[in-house]
Number of protein chains: 2
Amino acid sequence: MKSQRKTRQRKAIRAAIESAGRPLNAHEILDCAGRDLPDLGIATVYRCLKRLESEDFICRVEIAGQAARYELAGLHHHHHFFCDDCSRVFDVPGCGLAALNAPEGFAVREHEVVLRGLCSECAPATAL
Amino acid sequence: MKSQRKTRQRKAIRAAIESAGRPLNAHEILDCAGRDLPDLGIATVYRCLKRLESEDFICRVEIAGQAARYELAGLHHHHHFFCDDCSRVFDVPGCGLAALNAPEGFAVREHEVVLRGLCSECAPATAL
DNA sequence: GTGATATTGCAAACCTATTATCATTAAGAC
DNA sequence: GTCTTAATGATAATAGGTTTGCAATATCAC
């Protein structure tokens with residue numbers, strides 16, 4: 001087994017994800033972590049994400065038509081909100097799903113709920 | 001404005017979508033419509049889908065990590081089920097969503113619910 | 001049937017997210 | 001500090017779905 005080294009890059013990437021409070025994609029992470037490490041490369045971000053995911057430190061959040069996003073693993077069951085304006089993804093606490101309605105014979109293993117609309121920052125601007 | 005011609009290809013593609021009873025992606029449509037028209041090309045399928053969508057005859061169904069699927073437009077509100085085994089997408093009647101839970105200030109315009117698991121055909125096989 | 005042209009099929013081109021390559025850099029055990 | 005080698009950054013390469021270019025074909029108004 002190869003040892004892991006604590007690099008500035010990994011620290012910055014982990015910090016970005018931990019402090020975001022919402023799922024980030026590779027570029028958002030690059031932008032965020034890149035503020036401290038201007039030379040940070042996108043390849044490093046992807047490599048690090050892959051590793052963090054295999055270590056179950058983060059989990060992937062996939063939204064149709066969007067690049068994969070990542071957030072801390074182990075959060076309480078929740079769903080996501082996609083802002084049509086700024087394309088940011090936010091966590092929606094809890095689960096509003098009351099019934100599954102799957103057809104007879106279908107075995108549901110998991111479910112996803114994605115709300116779409118305008119986040120609190122974009123809603124006012126668009127409403128004007 | 002250019003007139004539209006009724007070609008065998010378009011008829012076969014529309015028929016495939018109308019008779020499917022579930023959302024199909026370009027390749028599924030090619031396979032299905034291709035049974036009657038062996039020479040049908042994937043480019044024609046894409047061109048036709050684009051047109052049918054702009055005419056609001058069909059609507060796009062997007063599922064994370066999957067190629068776009070299409071189904072007849074104007075169906076009653078419903079959601080989708082993705083089979084982890086055969087990768088087919090099925091319609092789930094109704095909507096089990098009781099609450100949206102969007103954060104304060106967020107404006108929800110629409111929502112998607114995707115169930116994942118095994119369809120009735122794949123569930124028994126896997127359960128053995 | 002004839003002719004104008006919308007449509008097709010094939011293949012090459014695109015696009016965008018992600019991965020691999022590889023020379024260079026820098027952790028960290030000694 | 002030295003050395004081994006894991007990790008990085010820049011860039012080329014992938015991969016898959018989708019689009020486009022173009023010559024050949026088929027629709028349909030006449």
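All heavy atoms count here, side chains included; hydrogens, waters and symmetry mates do not.
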Note to self: Would you say the ring centers of His111(A) and His79(B) fall short of 6.0 Å from each other?
What the structure shows: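 When the ring centroids of His111(A) and His79(B) are compared, they turn out to be at least 6.0 Å apart.
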Nearest-Å distance for atom pair [atom1]/[atom2], residues [X] and [N]:
{"X": "Gln66(A)", "N": "dG17(D)", "atom1": "CD", "atom2": "P", "value": "18 Å"}
{"X": "Arg14(A)", "N": "dA7(D)", "atom1": "CZ", "atom2": "P", "value": "14 Å"}
{"X": "Gln4(A)", "N": "dA27(C)", "atom1": "CD", "atom2": "C1'", "value": "12 Å"}
{"X": "Glu62(A)", "N": "dG16(D)", "atom1": "CD", "atom2": "P", "value": "15 Å"}
{"X": "His27(B)", "N": "dG16(D)", "atom1": "NE2", "atom2": "P", "value": "11 Å"}
{"X": "Leu30(A)", "N": "dA17(C)", "atom1": "CG", "atom2": "P", "value": "13 Å"}
{"X": "Arg8(B)", "N": "dT8(C)", "atom1": "CZ", "atom2": "P", "value": "10 Å"}
{"X": "Asp39(B)", "N": "dT25(D)", "atom1": "CG", "atom2": "C1'", "value": "12 Å"}

Margin query: As a test of reading the structure: which of dG9(C), dT19(D), dT7(C) is closest to the side chain of Arg10(B), going by heavy atoms?
Written below: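 Looking only at heavy atoms from C-beta outward on Arg10(B), the closest nucleotide is dT7(C).
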Notebook entry, point to check: Choosing from dA7(D), dT7(C), dG9(C), which nucleotide comes nearest the side chain of Gln9(B)?
Noted result: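 The listed nucleotide nearest to Gln9(B)'s side chain is dG9(C).
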Item checked: Within 45° cone and under 6.0 Å: Arg60(B) NZ/CZ vs Tyr70(B) ring ->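 No, Arg60(B) does not sit over the ring of Tyr70(B).
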Base, sugar-phosphate, or nothing for [X], non-hydrogen atoms under 4.0 angstrom?
{"X": "Ala26(A)", "result": "nothing"}
{"X": "Arg47(B)", "result": "base"}
{"X": "Ala43(A)", "result": "base"}
{"X": "Ile42(B)", "result": "nothing"}

Note to self: Closest-nucleotide mapping onto DNA chain D: is Ala68(B) or Lys6(B) further toward the 5' terminus? I mean the 5' end.
What the structure shows: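 Nearer the 5' end of the strand: Ala68(B).
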Does the side chain of [X] get closer than 4.0 angstrom to OP1 or OP2 of [N] through an N or O atom?
{"X": "Lys11(B)", "N": "dT7(C)", "value": "no"}
{"X": "Thr7(A)", "N": "dA7(D)", "value": "no"}
{"X": "Arg5(A)", "N": "dT25(C)", "value": "no"}
{"X": "Tyr46(B)", "N": "dT19(D)", "value": "no"}

Next item on the list: Give a yes or no on this: more than 12 heavy atoms of other residues, nucleotides or ligands lie within 6.0 Å of atom NE2 of His77(A).
Entry: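 Result for NE2/His77(A): enclosed.
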Next item on the list: Please examine the side chains of Phe57(A) and Glu18(A), heavy atoms only from C-beta on, and report whether any two atoms are closer than 4.5 Å.
Entry: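 Yes, their side chains come closer than 4.5 Å.
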Checklist line | side chain to side chain contact (heavy atoms under 4.5 Å, CB included) partner of Phe81(B), chosen from Val92(B), Leu118(B), Val89(B), Val114(B) | finding: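 Going through the options one by one, the only one that passes is Val92(B).
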